[in-house]
Number of protein chains: 2
Amino acid sequence: MNVLIVDDEKYIVKGLKHSLEQNGYNVFAAYSGAEAIEYLENNIIHFIILDLMLPDTDGMMLCKKIRQKFDIPILMLSAKDGDYDKILGFEFGADDYMTKPFNTLELIARIKAIIRRIDRKFDDKLIVKDDLVINLNERKVYLRGEEVNLTVKEFDVLYLLASNPGRVFTREEIYNMVWKEDAYDVRTIDVHIKNIRDKIEDKKHPKYIMTKWGVGYYFNKN
Amino acid sequence: MNVLIVDDEKYIVKGLKHSLEQNGYNVFAAYSGAEAIEYLENNIIHFIILDLMLPDTDGMMLCKKIRQKFDIPILMLSAKDGDYDKILGFEFGADDYMTKPFNTLELIARIKAIIRRIDRKFDDKLIVKDDLVINLNERKVYLRGEEVNLTVKEFDVLYLLASNPGRVFTREEIYNMVWKEDAYDVRTIDVHIKNIRDKIEDKKHPKYIMTKWGVGYYFNKN
DNA sequence: TTTTTATTGAATATATAGTTAAAAGGGAAT
DNA sequence: ATTCCCTTTTAACTATATATTCAATAAAAA
């Protein structure tokens with residue numbers, strides 16, 4: 001994760017750089033607006049910390065300019081605490097705005113929050129267990145990289161069990177949670193379990209879906 | 001754009017509601033944690049403003065709970081100004097944090113900034129997949145360089161799917177997102193899908209829009 | 001060994017998707 | 001306001017995938 005700090009006050013850059021590096025970010029610095037633009041054009045940057053007070057450019061205009069050319073989140077830093085300045089900052093396309101002096105931990109928390117928000121959209125919700133990958137968004141299951149074709153009910157049952165490894169579910173519970181109604185004939189579950197096993201287990205040696213004799217089924221934890 | 005305010009102080013809710021409505025938001029209110037969760041389960045909400053001081057629940061835990069179940073941005077409100085509280089808020093999944101008393105215009109600017117950031121990520125201007133090019137700005141689709149004439153709904157549906165390849169959308173989700181209202185008869189999606197396929201797919205061998213039996217449709221990832 | 005519970009395979013029933021055509025809706029030009 | 005044209009929705013029908021049931025068999029506990 002590459003962060004570009006745009007600020008002409010070297011001691012601030014130095015301090016921030018240190019803190020961010022502690023948190024696993026790669027930090028780069030630009031000391032003027034022109035330098036910033038040039039840097040962005042030639043490097044991959046994921047996040048920008050932009051101080052409004054720069055020697056050559058108005059920070060707000062620079063923010064707007066960056067916004068037009070690049071789709072990179074920007075956190076503005078400013079000595080001005082006025083509400084109007086903040087609102088202006090957002091108008092010009094900032095993703096967040098902090099006033100100096102600031103708490104570095106809060107800064108980092110805010111950077112994380114913004115990045116997390118973006119990533120969440122792309123983040124597939126995955127359950128991984130040995131050779132088995134369950135992808136909730138795709139509603140697909142992969143066994144050793146190969147897609148396994150599960151039906152809706154099969155997927156739902158597997159997902160229920162797998163998202164609570166070790167927890168034993170009675171057939172009634174499974175029926176309730178997957179079918180969202182009371183069970184009429186609970187043997188149906190057995191058949192679904194069998195079909196899932198046919199698709200993901202090595203015959204005769206189930207290692208994902210286990211039977212708890214007399215109780216129900218559970219997903220293997222170990 | 002539907003905003004849910006979670007706060008038990010009615011005068012704050014009233015004031016906020018007014019300001020937000022002035023800015024074109026539809027505002028709903030929940031006065032406790034339980035109410036909030038119930039509301040979220042039964043309604044479509046795009047943004048949450050969460051006050052940390054609630055009668056029945058710890059605001060932080062509520063935030064975490066919401067975060068686990070729903071992918072909706074959360075702005076935290078608190079009377080506490082301490083850096084530690086802020087950082088904690090972000091740890092618990094908040095997207096932003098403001099201390100009371102706050103400037104309403106700043107609040108709105110921050111909401112906008114968050115939503116803008118999300119929307120921008122959603123909007124990849126150009127999607128290319130094999131022989132298919134989808135251009136959002138022109139709202140045109142090209143197949144092997146030839147322009148394909150899609151209707152408005154057809155384009156919107158295709159674009160929704162294509163901008164999230166692999167992700168399976170139920171008919172309800174598609175209807176919600178494209179029509180921006182609740183679905184009455186969801187089979188209309190089928191017809192649109194068929195018409196899109198007629199225009200972009202080789203007969204009998206769809207390779208762009210795939211059916212997830214029992215769930216919905218998705219755009220092919222591979 | 002007996003009893004209880006789980007697994008399995010096949011038949012039957014149900015649910016869901018695909019297709020078609022016709023009706024309804026909406027916007028632009030007259 | 002009316003007509004025309006194109007889009008969208010609805011409804012009916014067909015095709016197909018999936019779910020359930022049932023009875024026989026296997027496996028585990030007592």
Side-chain angles (χ1 to χ4, degrees), chain A residues 139-141 147-161 168-218, chain B residues 139-141 147-161 168-220:
Chain A
R139 294 188 59 96
K140 284 182 179 170
V141 171
E147 185 182 340
V148 179
N149 206 337
L150 295 190
T151 71
V152 184
K153 290 279 189 284
E154 288 164 9
F155 182 89
D156 288 346
V157 170
L158 175 62
Y159 186 79
L160 173 67
L161 298 180
V168 179
F169 291 85
T170 66
R171 285 164 238 273
E172 283 76 12
E173 281 175 327
I174 295 173
Y175 206 99
N176 276 200
M177 303 186 105
V178 171
W179 277 252
K180 297 179 194 316
E181 58 188 69
D182 284 346
Y184 168 70
D185 176 8
V186 97
R187 307 275 75 211
T188 294
I189 303 293
D190 299 38
V191 179
H192 284 291
I193 293 288
K194 170 197 176 287
N195 292 334
I196 297 169
R197 280 178 173 158
D198 282 351
K199 293 177 182 178
I200 67 170
E201 301 278 15
D202 290 339
K203 302 268 165 212
K204 299 291 163 192
H205 294 292
K207 63 176 199 172
Y208 300 114
I209 295 183
M210 316 304 281
T211 304
K212 184 86 190 171
W213 222 84
V215 189
Y217 301 98
Y218 65 99
Chain B
R139 290 187 61 90
K140 283 181 180 170
V141 172
E147 185 181 342
V148 179
N149 204 336
L150 294 190
T151 70
V152 177
K153 289 279 188 284
E154 286 165 8
F155 181 87
D156 289 345
V157 170
L158 175 61
Y159 184 76
L160 172 67
L161 299 180
V168 180
F169 292 85
T170 65
R171 293 173 175 71
E172 282 76 14
E173 283 174 326
I174 295 173
Y175 205 97
N176 272 218
M177 301 184 117
V178 171
W179 277 253
K180 298 185 191 313
E181 58 189 71
D182 283 349
Y184 167 70
D185 175 12
V186 98
R187 292 306 305 278
T188 186
I189 303 291
D190 297 40
V191 180
H192 284 291
I193 293 288
K194 174 188 180 296
N195 292 334
I196 298 169
R197 280 176 173 161
D198 282 351
K199 293 176 182 177
I200 67 170
E201 301 278 17
D202 291 338
K203 304 266 165 214
K204 298 290 162 195
H205 295 292
K207 63 175 195 171
Y208 299 114
I209 296 184
M210 315 303 280
T211 303
K212 189 82 196 173
W213 230 88
V215 189
Y217 299 98
Y218 66 98
F219 195 84
N220 208 336

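Here is how names work: the chains are called A, B, and so on, in the same order as the sequence lines, proteins then strands, and each is numbered from 1.
- Neither OP1 nor OP2 of C:dT8 sits under 4.0 Å from any side-chain N or O of A:Arg197.
- Among the heavy atoms of the strands lying under 4.0 Å from A:Thr151 are primed sugar atoms or P, OP1, OP2 only; no base atom is included.
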Give the C-alpha distance, both sets of side-chain angles, the deciding distance and a yes or no for side chain to side chain contact (heavy atoms under 4.5 Å, CB included) between B:Val178 and B:Ile189.
CA-CA 10 Å; B:Val178 171; B:Ile189 303 291; over 6 Å; no
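- Of the listed nucleotides (C:dT5, D:dA11, D:dT21), C:dT5 has the atom at the smallest distance from the side chain of A:Trp213.
- Whole-Å rounding puts the A:Met210 CE to D:dA28 P distance at 12 Å.
- Note on A:His192: a side-chain N or O is less than 4.0 Å away from OP1 or OP2 of D:dT20.
- Contact annotation: B:Trp179 side-chain N/O to D:dT8 OP1/OP2 distance is not under 4.0 Å.
- Listed pair A:Arg171 / C:dA6 meets the phosphate criterion, a side-chain N or O lying under 4.0 Å from OP1 or OP2.
- If you check every strand for non-hydrogen atoms under 4.0 Å, B:Lys153 touches sugar and phosphate atoms only.
- For the pair B:Asn149 CG and D:dC5 P, the interatomic distance rounds to 17 Å; values are reported in whole Å.
- The separation between A:Lys199 atom NZ and D:dA19 atom C1' is 12 Å, rounded to whole Å.
- Taking all atoms of both residues into account, the shortest heavy-atom contact from A:Arg171 to A:Val186 is CB-CG2, 3.3 Å.
- Considering all non-hydrogen atoms of both residues, B:Lys140 and B:Phe155 come closest at N-CE1, 3.7 Å.
- Here the C1' atom of nucleotide C:dA23 and the CG atom of B:Asp185 are 14 Å apart, to the nearest Å.
- Distance check: B:Ile209 CD1 to B:Asn220 CG gives 10.5 Å after rounding to the nearest 0.5 Å.
- Counting to the nearest Å, the C1' atom of C:dT7 and the CG atom of A:Asp198 are 10 Å from each other.
- The 5' end of DNA chain C is approached more closely, in terms of each residue's nearest nucleotide, by A:Gly216 than by the other of B:Lys194 and A:Gly216.
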Kindly determine whether A:Arg197 and A:Ile193 satisfy side chain to side chain contact (heavy atoms under 4.5 Å, CB included), including the steps that lead there.
CA-CA 6 Å; A:Arg197 280 178 173 158; A:Ile193 293 288; 3.7 Å; yes
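- Residue contacts shown for B:Val186 are absent, as no nucleic acid heavy atom lies under 4.0 Å away.
- The nearest whole Å value for the distance from the CD1 atom in B:Ile193 to the C1' atom in D:dT10 is 17 Å.
- Among the protein residues, B:Arg187 comes within range of the nucleic acid bases, having at least one heavy atom under 4.0 Å from a base atom.
- Contacts of B:Val152 with the nucleic acid, taken as non-hydrogen atoms under 4.0 Å apart, involve only primed sugar atoms and P, OP1 or OP2.
- Picking from D:dA19, D:dA11, C:dT7 the nucleotide with the shortest atom distance to the side chain of A:Glu154 gives D:dA19.
- Residue A:Tyr217 is classed as a sugar-phosphate contact, given heavy-atom separations below 4.0 Å to backbone atoms only.
- Considering every non-hydrogen atom in both A:Tyr175 and A:Asp185, the closest pair reads CE1-O, 4.2 Å.
- Within the 4.0 Å cut-off from OP1 or OP2 of D:dA11, not a single side-chain nitrogen or oxygen of B:Tyr184 is found.
- Using a 4.0 Å heavy-atom cutoff across all strands shown, A:Asp190 reaches at least one base atom of the nucleic acid.
- Straight-line distance from the CD atom of A:Glu181 to the P atom of D:dT20: 8 Å, rounded to whole Å.
- Straight-line distance from the CG atom of A:Leu150 to the C1' atom of D:dA17: 14 Å, rounded to whole Å.
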